[in-house]
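This is a predicted model, so every value here is computed, not measured.
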Amino acid sequence: MTDAMTQIKIRLFIKQDLQVGNSVVLTSKQANYLFNVMRLNLGEKLYIFNNDDGEWLSEIMHKNKKVGELVCVAKTRDVDYPQDLWLLFAPIKKARTDFIVEKATEMGVSRIIPVITEYTNINRASKDRLYAHAVEAAEQCGTNFVPEVEELTKLNFLLNNWPSNRKIMFCDEDKSGIRLALNKDNKGPWAILVGPEGGFSHQERDQFLSRKFIYPTSLGPRILRADTAVVAALTLWQSTLGDWL
């Protein structure tokens with residue numbers, strides 16, 4: 001491997017099983033990235049990972065412009081399983097929705113669920129596109145886990161079928177300065193709910209407050225943009241209940 005390549009930790013998310021000696025066939029997109037963009041050659045090494053087998057050092061055994069094959073050489077890290085934390089958010093403009101998915105992946109959520117609320121003004125969210133952004137974020141930030149990404153779902157339907165043991169941290173703009181939901185004794189599976197640009201309706205807020213598994217929580221005295229609110233909420237949760245302790 002060249003000196004330039006040793007300074008760059010190239011990582012790819014692989015859906016195939018990873019064990020010593022296993023052959024890994026690259027997709028055309030992965031082959032293009034490695035051979036045309038990064039200009040790797042036969043015999044050079046890179047890191048690959050999945051959600052089950054962790055991170056592995058691999059070697060390029062076959063290549064051309066459209067296909068390629070790697071072989072697993074040695075395991076380097078176990079899977080970085082995140083906390084049992086889901087993110088529920090209303091989609092906003094494309095670039096900012098992509099930002100939310102990327103930061104949620106980097107900050108350690110296990111599942112991402114885009115939801116439709118009364119004031120959601122974006123009623124499309126491609127599951128495949130959002131998942132691709134989650135994969136790219138995991139490859140770049142060093143984590144060995146890509147969260148699940150669900151189809152766009154109506155929030156009412158989701159809440160009506162919600163598992164009773166999973167608490168929801170409802171980011172409530174009307175609860176300035178109050179952190180009712182978060183304390184070190186309130187462990188267990190959680191989800192974070194962040195609303196759309198227009199906030200939640202009065203009817204939605206009344207519904208949230210009537211459900212015992214939903215905990216209203218303040219993100220401070222200022223109104224935050226939806227993408228900023230996601231990062232703030234994840235920071236607050238991880239520093240209180242998560243793996244930042």
With a 4.5 Å heavy-atom cut-off, do Val109 and Gln83 have their side chains touching?
no
Ser58 side chain to Leu46 main-chain N or O, any donor-acceptor pair under 3.5 Å?
yes
Pick out which of Trp237, Trp190, Trp162 makes a ring pair (Phe, Tyr, Trp, His ring centres under 6.0 Å) with Trp86.
Trp162
Please find the pair of heavy atoms, one from Pro189 and one from Asp84, that lie closest to each other, and give the distance.
CB-OD2, 3.4 Å
Say whether, by atom type as modelled, one donor and one acceptor occur between the side chain of Gln16 and the main chain of Val25 under 3.5 angstrom.
yes
Thr105 (side chain) donor-acceptor with Ala138 (main chain) under 3.5 angstrom:
no
Which heavy-atom pair separates Phe145 from Asp80 by the least distance, and what is that distance?
CB-O, 3.5 Å
So, the side chain of Gln238 versus the backbone of Met107: is there a donor-acceptor pair under 3.5 Å, distance only?
yes
Closest non-hydrogen atom pair, Leu12 against Glu139:
CA-OE2, 3.5 Å
Does a donor on one side chain and an acceptor on the other come within less than 3.5 Å for Asn156 and Glu204?
no
Can you give me the closest heavy-atom contact between Asn50 and Asp17, atom names plus distance?
ND2-CA, 4.2 Å
Given the side-chain rings of Tyr119 and Phe200, with only the six-membered ring counted for Trp, is the space between their centroids under 6.0 Å?
no
Under 3.5 Å donor-acceptor, Asn144 side chain and Asp78 backbone
yes
Any donor and acceptor pair, going by atom type alone, linking the side chain of Glu44 with main-chain N or O of Asn41 inside 3.5 Å?
yes
Arg124 and Leu152, any side-chain heavy atoms less than 4.5 Å apart
no
Between the main-chain N or O of Val146 and the side-chain N or O of Asn51, is there a donor-acceptor pair closer than 3.5 Å?
yes
Check whether Phe49 forms a cation-pi arrangement with Arg11 (NZ or CZ under 6.0 Å from the six-membered ring centre, at most 45° off the ring normal).
yes
